[in-house]
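These notes are about the structure you will find just below.
All values below come from the heavy atoms of this structure, side chains included, with hydrogens, waters and symmetry mates left out. One is the number of the first residue; the rest follow in order along the sequence.
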Amino acid sequence: MTNNRAASDAPGTGKDAADPSHRAEAVPQNERVTINLTGKAVQALQRLQEQTGYNKTDCINRALIIAGEIENMSREPGAVYWRKTPDADLMLVRFV
């Protein structure tokens, strides 16, 4: 059995285990949702499935996780940059 408790919550660290601000965020259980995709999103999902070999659920799960990470990186003072080829100039990417 693994111990999912953060090291900062270990006994003797001075952290109160009853204080929710010092606990690791609980991972929610699976959730079934129904979504309506635009035509463009359907095409993107089909291309992603062809490129990766993943099923629709895995593609959507991965896309949501990546979108969240990109959103976090692009917030002030962070930024996201892209380079089309290794020798190309960096371009600032903005998500709207």
Side-chain angles (χ1 to χ4, degrees):
M1 179 178 223
T2 61
N3 183 355
N4 292 330
R5 189 168 62 174
S8 63
D9 292 343
T13 61
K15 303 287 186 188
D16 182 359
D19 183 353
S21 66
H22 297 295
R23 287 192 220 157
E25 189 174 318
V27 176
Q29 297 297 314
N30 292 349
E31 182 176 343
R32 180 177 288 258
V33 297
T34 301
I35 61 172
N36 293 315
L37 300 175
T38 64
K40 189 173 181 178
V42 169
Q43 290 175 331
L45 179 58
Q46 289 170 342
R47 281 192 310 271
L48 193 56
Q49 282 185 270
E50 292 167 3
Q51 292 169 345
T52 64
Y54 293 135
N55 61 38
K56 290 178 183 179
T57 298
D58 290 338
C59 287
I60 293 168
N61 283 327
R62 289 169 51 94
L64 289 171
I65 291 166
I66 291 168
E69 291 298 320
I70 290 171
E71 185 66 32
N72 288 337
M73 286 188 290
S74 65
R75 294 194 181 274
E76 294 292 334
V80 177
Y81 291 88
W82 179 262
R83 189 183 306 227
K84 285 187 178 185
T85 63
D87 58 341
D89 291 334
L90 285 174
M91 297 180 291
L92 176 63
V93 179
R94 293 183 193 258
F95 296 92
V96 291

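- Cluster membership for W82 and I66, using ILVMFWY side-chain heavy atoms within less than 4.5 angstrom, is shared.
- Within the structure, the salt bridge (Lys or Arg N to Asp or Glu O under 4.0 Å) test picks out the following pairs touching residues 62-74 (sequence neighbours left out): E71-R75.
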Validation: residues 34-59 side-chain donor-acceptor distances under 3.5 Å, sequence neighbours left out:
unit_1	atom_1	unit_2	atom_2	d
T38	OG1	A41	N	3.1
T52	OG1	L48	O	2.7
T52	OG1	Y54	N	3.1
N55	OD1	T57	N	3.1
N55	OD1	D58	N	2.7

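- Residues meeting the side chain to side chain contact (heavy atoms under 4.5 Å, CB included) test with L90, sequence neighbours left out: Y81, R83.
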